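The structure appears right after this line, and notes come after that.
Every value quoted in this text rests on a predicted model; they were computed, and no experiment measured them. All chains are named by letter (A, B, ...) in the order of the sequence lines, taking the proteins before the strands, and each is independently numbered beginning at 1.
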Amino acid sequence: METTTKVDLGNFRTETRAWLEKNCPISMRQPVKSTSDMYWGGRNAKFSSEDQKIWFEKMLEKKWIVPYWEGKYGGGDLTPEENNILTQEMAKLGCRKPLFSFGIAMLGPALLKFATEEQKLRYLPEIVKGKIWWCQGYSEPNAGSDLAGLQMKAQDREDHYLINGSKVWTTYADKADWIFCLVRTNTDVAKHSGISFLLIDMATPGVSVRPIKLISGKSPFCETFFDNVKVPKSNLIGTLNEGWTIAKYLLSHERQMIGGVGQTDIKRDISEIAKEKTKMISGQLEDSLLRTQVSKFEMDESIFELTIQRILDEDKTGKKAAALSSFFKYYGTELNVKREELLIQIGGDESLLWVPNDRNDADAARKFCRSKGNTIEGGTSEIQLNIIAKRLLNLPN
Amino acid sequence: METTTKVDLGNFRTETRAWLEKNCPISMRQPVKSTSDMYWGGRNAKFSSEDQKIWFEKMLEKKWIVPYWEGKYGGGDLTPEENNILTQEMAKLGCRKPLFSFGIAMLGPALLKFATEEQKLRYLPEIVKGKIWWCQGYSEPNAGSDLAGLQMKAQDREDHYLINGSKVWTTYADKADWIFCLVRTNTDVAKHSGISFLLIDMATPGVSVRPIKLISGKSPFCETFFDNVKVPKSNLIGTLNEGWTIAKYLLSHERQMIGGVGQTDIKRDISEIAKEKTKMISGQLEDSLLRTQVSKFEMDESIFELTIQRILDEDKTGKKAAALSSFFKYYGTELNVKREELLIQIGGDESLLWVPNDRNDADAARKFCRSKGNTIEGGTSEIQLNIIAKRLLNLPN
Amino acid sequence: MALILTEEQNMLKEAAAEFLEANSPLESFRKLRDNNYKSFDPEVWKGFIEMGWTALTIPEKYGGLEFGYTGLGQILEETGKTLTKSPLISSILLSATAIRLSDNEFIKAKWLPKLMNGNTLMSFALDERSYFDPNTIESTAILSDDNFIINGAKNMVIDACNSDLIIVVANLNNSTSLFLVDTKSEGVEIKTDILMDAGSYSSVIFKNVTVPAKNQLNLKVKGEEMLKSIIEIGAIGLSCEMLGSVQAAFSQTMEYIKERQQFGTKIGSYQGLQHRAAKLFCEIELSKSVVIKALQVIDQKNENLSYYAHLAKAKLGEVLKLISNEAIQMHGGIGVTDDVNIGFYLKRARVIQRLLGDTNYHLSCIAKQKGF
Amino acid sequence: MALILTEEQNMLKEAAAEFLEANSPLESFRKLRDNNYKSFDPEVWKGFIEMGWTALTIPEKYGGLEFGYTGLGQILEETGKTLTKSPLISSILLSATAIRLSDNEFIKAKWLPKLMNGNTLMSFALDERSYFDPNTIESTAILSDDNFIINGAKNMVIDACNSDLIIVVANLNNSTSLFLVDTKSEGVEIKTDILMDAGSYSSVIFKNVTVPAKNQLNLKVKGEEMLKSIIEIGAIGLSCEMLGSVQAAFSQTMEYIKERQQFGTKIGSYQGLQHRAAKLFCEIELSKSVVIKALQVIDQKNENLSYYAHLAKAKLGEVLKLISNEAIQMHGGIGVTDDVNIGFYLKRARVIQRLLGDTNYHLSCIAKQKGF
């Protein structure tokens, strides 16, 4: 195999841009505004517009739905450098993702690392084609932070597992076709040692779903119940009772995403908003206590961004610091919570509106309430601090 | 016995004021400025002035050194109401305490509650007369917050105890005549159950003292070493192995004192100092971040004072809240540390001076450094928070 | 004066707690919300009146109990625990106080009894901007024969949608005046919004509204001073409700962390949470002190009213913000769902913090008073 | 540019750590202090010069290494760990930078080599008030024939007591200029104080001091701009030292809580301490990022120098304050005794925080830049 040279990469960039310009419909280059702007696929898939369909099909044909997976799994065989260029060029044009999918972001990496070849060939191409909408089943009502304390049982019944229990925070479980789950397959051992990773078809008898309402209002979260659900043994991923390894692998991915690493949306400076919304006096915010709050917040926000950059740069040199994902998750979400607090404070009465009126969609208050979940979901701030203390600082138990 | 009526109290107040005005030398009505202004008594007692001697002797004769103790122990038999009036009248005139003594404030209450009548008659009158300078021996180098983990041994040797070990933070041990100590008399039981309360003459062979220097400079603290020190068994106070009860009783006293409850010195408003020392612009501190800091500090300081008053008022109605002393200790010392931080910040270069020069006694920096001990001595802030969580909030172990 | 409740005040407080727990527990707040954001439960409000709570601050001369604001404060504190919605704030704490401070005998004699008996509901219209700023009033009143003509636009008028009358703050001849306006008058337009706390807040537009001259609240007394006192007393009253919320959110959270198990132990046993809980405890102790002091200062007609009003609203704003956040965080995932009630305190907190000025506003006022 | 050190910069940093650990460990700071507050150890300073650290920022044209400020920053960071006292800040970070930014070739050619070789020590005299306030300079220079006559009173002049020359900031014809003044000139009076960090800081009075005209640093370049750059680079250099102190105080504290036993367990196992330690860790990660960014911005001659200088000194001031306090609190009783070294970081912290402006000052500058 030849190595890609810089010249090749230059060509790849030019070609990519040309292809995108030609094939991405203009309406698919607008920022995503509502859920109908996202195509999630699935058994009951519906495109919300003709352009959405065209864009998905063009990308599927080009094998760029998951460009960096191998061709045999439906991927585009792109090298990391090429994939990077594609991402950059899509960002420049503002192209939407053709398919939104937990299958790509979460299940895929687990399958690639832990599944058998047969399983990979069965599930990965379906993910790429958007045939199956996957959701995730980790947390349980009594196992929140203590994920490994989960109790949903999968009992060995010769040719199948019998599942009983429930999962919570199963995002879009009311719309998904399949769920990937952590289940307890051994109750006689230490809790981390009796967990397995299982795929379950949501259409199996005994599966039911209840949507969860949040303090911010409607949400994509659900509670999912399993009542004597029979699951073929072939749906087990990885080794029996070693599902915790897979869970840890996936959680570290998830934390970085929640912490905001790699997020590209540009946030307005809080100080700009404060200048606009509150009184100024001789070129300063009249509310000098607010000036203090804004100064400190923007200092930390600005330096957190530098820190993401620095640690990514260090990563490239091969320095590994696994638990840093906990730092990102902790600090990033705490910052976002502070940002929302400042916004509601600065925003005045408009930001307190709950029921939309003709001038105001009441988004600010809902976003504010929703932000309170940031420091809880994906591992609470307390859990992240524990991880930092134990794994990075080696403090004793 | 007749009850005291309001008329009697009015008379008592008039008589007291007259007596104080007649007998307290003018120089003894000035605020205490240096250690030489305090008379501590003891075997090597020296008065620093004739007035100091006169004042002490007048008060001793009047039995007002410890006015609220019983006459048979050298006290003045005053009722709480009378004692209160005496305190108020002394404060009004600015009369100094005639005798500074840990014997009065700390050992006395313990003896009154736990000692035999014989012991009381032996030690209390000596305290009143200022014949013995007492110091306190609780903490040990390896038992700081974990006071009950103390290891200084008192072994039973038939007619005496044999003491080995050391004590730290023994205030003025280099000047004191006797020390009251917590010692370990049983190593085979739970740590709280093997502690006894013992009085030791510092002149006993085997006792030695090393003064401790602090980050703020010289201090009255010492480390005190005991090397095969023989102590008569009659020096034991209370029941053998039940010294922890006495310790708890005394610690709760101490915490309130450190937290600033009952302190009478008036502190200058931080905002007044900030106005004086830093730039103003249109009637506000130019440094708007400082304005924030000062606003929040003064809010909390002012409300903490109200809280002391409220809880003392509640106490009078018979509401008991024992662990509140931990609240006072915690919050009061944290506030004082913040105050010193603000002072050093506002004070400018002068407050950073360490070696006195002809314009500046370098007191600010020393006081600042000394304040760092406030949240440690007498039980760290962490210990106080533990106590609040466990005893007041009943949070589980 | 000792910073404690008298026996009578304590009895009142206990009665209030008992009544509210029986007739309007926290779950009732959810029911009103889910019933199309209903402003209050008339049955419960009837109970308030029967218990005499609307009469506590009304002088005996007008048939009231003249029991004092410290008493009213206890009721407000208890409603802060159960988040009971009622016209107590708009009609009694704000409007009845305004009329009580008025020197217009006609208004006092006519309306105080009606307010007290609950026959009349009133609102108080002060704000004109999207944040609290009582010093820039642009509404105007002009004397024309025997009437005032009022023009202006008010917002954040609490419960205006249910009110029979509105007390309007407006400028008359370059100084502040207060007027009683019938909501059915021509030119009054009320638009009501539901805010985060599920409460009703209105924008009210006054367009050439004619008000009889006898409806002016301030005759010889200065309108500025009256307004200042209303705001101060109002801020203290709100601080009472906030104190109730602070205590309730905290105690519900303590109950939760004593029971909730994770990693095989009760989460309340973790020192990380214990230390935070202990710090919250300290903040609540401070909150209690400043609120009782401020209430007593109203009743004593103490000259320091302004200082303690600022101090109370500033501190309670800070503490309620802190505790409403910590309560949710300590509840974990369940805390952000609508299945449990703890989030109600958060949503009420952010609105009540803002009403009559937030922590920054009040601290800044103190700083100005102290000249820094 | 990647926010990481180059291989050469890393090697330099490691060499510095090794040299300082061997020749000037934290205990050396105590020895200098106890030796009548000696300003520095000449042997160690000789080592600095031999290692080339004084030449890192000097252009090759004048015999320097032209290695850049990112390099000098690594040395400063390491000296922040061991609290090594030396003329590096006064002579190199401040004075050599001032001369490097000068357009007076005579001065550059004459003094840069001498500074680099350690033959000459210099101080930088800017402050005139008891807090940092570079915008109100009252010292004056007047041209009189071929000389300037300088009058003024400066304070907080670092190490002036050891210096051969002082760079003085003064007003000339209503704008800022910088002058090189021999400390032995007539009319120069130096009084030195020892501050909390055991360092020497002087008040310097200039009374009709005659300075040759050729000793003006700014000829065509604007004095204001030169001064601004010196302060910005200086603030970043101090932030490097602060970053070193932050890391050292933190790691010594972590070592301590891993070993110290109370109640039968290591205190580092308590979640209360663990969470605080983890938060400090996060703050240190942030500190590292802003410092390396600021250093790179100096070397890149990036127009954002001012912003990152403010950001670095503001953040490091805040973090050093926090960590120097937490370090002592976590050490408990032993932490407030002079028997251990952890308190040295506290005492240095409060002085270096103030030098060239504290957190409030720098945050306020950013706010002004952003127009709020």
TODO: Name the member of C:Lys258, C:Gln271, C:Glu318, C:Met254 that forms the most heavy-atom pairs with chain B at distances under 4.5 Å.
DONE: C:Lys258

Task: Proximal component of B:Leu290, with respect to chain C [non-hydrogen, under 4.5 Å] - done: neither

Task: Engaged part of B:Lys316 at the chain C interface, taking heavy atoms whose separation is under 4.5 Å - done: neither

Open item on the list: I'd like to verify something: which residue of C:Ala314, C:Ala277, C:Gly371, C:Ala312 has the highest number of heavy-atom pairs under 4.5 Å with chain B?
Closed with: C:Gly371

TODO: Using a 4.5 Å cut-off on heavy atoms from C-beta on, say whether the side chain of B:Ile270 contacts that of C:Phe372.
DONE: no

- [ ] Work out which heavy atom in C:Ala367 is nearest to a heavy atom in B:Ser295; give both atom names and the distance.
- [x] CB-OG, 4.2 Å

Open item on the list: Only pairs of heavy atoms separated by less than 4.5 Å count here; which of C:Leu286, C:Leu311, C:Val290 has the most with chain B?
Closed with: C:Leu286

Open item on the list: Quick one, B:Asp300 and C:Lys315 - any side-chain contact, counting heavy atoms below 4.5 Å?
Closed with: yes

- [ ] Go through the steps to decide whether C:Leu363 and B:Met299 satisfy the test side chain to side chain contact (heavy atoms under 4.5 Å, CB included), and finish with yes or no.
- [x] CA-CA 8 Å; C:Leu363 284 182; B:Met299 169 176 80; 3.7 Å; yes

Open item on the list: Tell me if a side-chain donor or acceptor on B:Arg310 pairs with a main-chain N or O of C:Glu285 at a distance below 3.5 Å.
Closed with: yes

Open item on the list: Within the supplied structure, the quantity of interest is the number of heavy atoms (other residues, nucleotides, ligands) at a distance under 6.0 Å from B:Asn394 CG; does it exceed 12?
Closed with: yes

- [ ] For the residue pair C:Gln274 and B:Asn386, confirm or rule out a side-chain donor-acceptor distance under 3.5 Å.
- [x] no

TODO: To the nearest 0.5 angstrom, please state how far the OG1 atom of B:Thr317 sits from the CG atom of C:Leu5.
DONE: 10.5 Å

- [ ] Could you grab the distance from atom CD1 of C:Ile366 to atom OG of B:Ser271, nearest 0.5 Å is fine?
- [x] 10.5 Å

- [ ] Could you tell me whether the side chain of B:Asp313 and the main chain of C:Leu3 form a donor-acceptor pair under 3.5 Å?
- [x] yes

- [ ] Quick one: pull up OG in C:Ser287 and CG in B:Leu306 and give me the separation to the nearest 0.5 Å.
- [x] 11.5 Å

Task: Nearest-0.5 Å distance that lies between atom CD1 in C:Ile267 and atom CG in B:Leu395 - done: 10.0 Å

- [ ] Return yes when atom CD of C:Glu18 has more than 12 non-hydrogen atoms of other residues, nucleotides or ligands closer than 6.0 Å, and no otherwise.
- [x] no

Task: Part of B:Met280 within contact of chain C (heavy atom distance under 4.5 Å) - done: side chain

Open item on the list: Surrounding CD of B:Glu276 (heavy atoms of other residues, nucleotides or ligands, distance under 6.0 Å), is the total greater than 12?
Closed with: yes

Task: Contact class of B:Glu305 relative to chain C, heavy atoms under 4.5 angstrom - done: neither

- [ ] Select one option (side chain, backbone, both, neither) describing which atoms of C:Thr265 are under 4.5 Å from chain B's heavy atoms.
- [x] neither

Task: Structural part of B:Ser381 lying under 4.5 Å from a heavy atom of chain C - done: neither

Open item on the list: Whether the side chain of C:Lys370 engages the backbone of B:Glu272 through a donor-acceptor N/O pair (distance < 3.5 Å, no angle test) should be reported.
Closed with: no

Open item on the list: Rounded to the nearest 0.5 Å, what separates atom CG in B:Leu392 from atom CZ in C:Phe281?
Closed with: 4.5 Å

TODO: Measure distances from C:Tyr270 to the heavy atoms of chain B and classify the residue's part below 4.5 Å as side chain, backbone, both or neither.
DONE: neither

TODO: Drop me the distance from B:Ile303's CD1 to C:Leu316's CG, to the nearest 0.5 angstrom.
DONE: 8.0 Å

